[in-house]
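Before I ask anything, let me first share the structure, which is written out below as structure tokens.
Note that the numbering runs from 1 along the sequence shown for the chain. The figures that follow rest on heavy atoms only: side chains count, while hydrogens, waters and symmetry mates do not.
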Amino acid sequence: ELFKPPPRVDSCVVALTPNLLKSRDVADRAAFDLTVKGAFEHRRKTCYNSLRISVEKGACGALFPKKEDIGVALRAAFEQAGINPLERPEKMSLEAFIALSNSIAEIRSRS
């Protein structure tokens, strides 16, 4: 035995299957990944504040290359996606994240 005393642990295997139908709706995969990452990066923050901080500090800086327009661009993205910026990320649906990241990608492509 490798461990003394032997640990009392149960184990299992979990298989995750991506939902390919919904992933087709994602306009820009990189923007989606950064949006989700930035939204969850700061605990107990609203989605807007967490994304803003993540972009400003550089973790998700690729979302908005022009740093001076972050707040305006983020507010526009939330409005365009029809999402309340005060929403908590853990309360948002996959569809909401897709809509928000698509709005961010569209706004970014215009600038």
Problem - Heavy-atom closest contact (His42 atom, Ser50 atom, distance) - result: N-OG, 3.3 Å
Handout entry: Pairwise distance CG(Leu86) to NZ(Lys91) - rounded to 0.5 angstrom
Key =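 Going from the CG atom of Leu86 to the NZ atom of Lys91 covers 14.0 Å.
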Practice task
Determine the minimum heavy-atom distance between Arg108 and Asp28, stating which atoms define it.
Solution key: NH2-OD2, 2.5 Å
Problem - Euclidean distance, Asp25 CG relative to Ser101 OG, rounded to 0.5 Å - result: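 Between atom OG of Ser101 and atom CG of Asp25 there are 10.0 Å.
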Practice task
Return yes if some donor-acceptor pair links the side-chain N/O of Asn102 with the main-chain N/O of Ala27 below 3.5 Å, else return no.
Solution key: yes
Handout entry: Spacing of CZ belonging to Arg52 relative to SG belonging to Cys47, to within rounding of 0.5 Å
Key =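 Rounded to the nearest 0.5 Å, the CZ-SG separation comes out at 12.0 Å.
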Practice task
Would you indicate whether the side-chain heavy atoms of Asn49 and Pro85 approach each other to under 4.5 Å?
Solution key: no
Practice task
Grab the two heavy atoms, one from Lys45 and one from Pro89, that are nearest each other, plus how far apart they are.
Solution key: O-CD, 3.5 Å
Exercise for the section: For side chain to side chain contact (heavy atoms under 4.5 Å, CB included), just list the numbers for Arg88 and Thr46, CA-CA rounded to whole Å, side-chain angles, deciding distance to a tenth of an Å, and then say yes or no. Expected result: CA-CA 5 Å; Arg88 303 272 180 198; Thr46 63; 4.3 Å; yes
Practice task
State plainly whether one hydrophobic cluster holds both Val55 and Met92, where clusters connect Ile, Leu, Val, Met, Phe, Trp and Tyr through side-chain heavy atoms under 4.5 angstrom apart.
Solution key: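 Yes; Met92 is reachable from Val55 via cluster members.
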Practice task
Would you mind reporting whether Leu51 and Glu41 have side-chain heavy atoms less than 4.5 Å apart?
Solution key: no
Would you tabulate the side-chain donor-acceptor contacts of residues 71-80 under 3.5 Å, counting partners in other chains and residues two or more places apart, or write 'none'?
unit_1, atom_1, unit_2, atom_2, d
Arg75, NH1, Tyr48, OH, 2.7
Gln80, OE1, Arg110, NH2, 3.4
Gln80, NE2, Glu106, OE1, 3.0

For residues 32-40, please give each side-chain donor-acceptor pair under 3.5 Å, one per line with the distance, not counting sequence neighbours.
unit_1, atom_1, unit_2, atom_2, d
Asp33, OD1, Arg29, NE, 3.2
Thr35, OG1, Ala31, O, 2.6

Problem - Path from Ile53 to Ile70 over hydrophobic side-chain contacts below 4.5 Å - result: no
Exercise for the section: Check whether any side-chain N or O of Ser103 sits under 3.5 Å from a backbone N or O of Ala99 as a donor-acceptor pair, and report yes or no. Expected result: yes
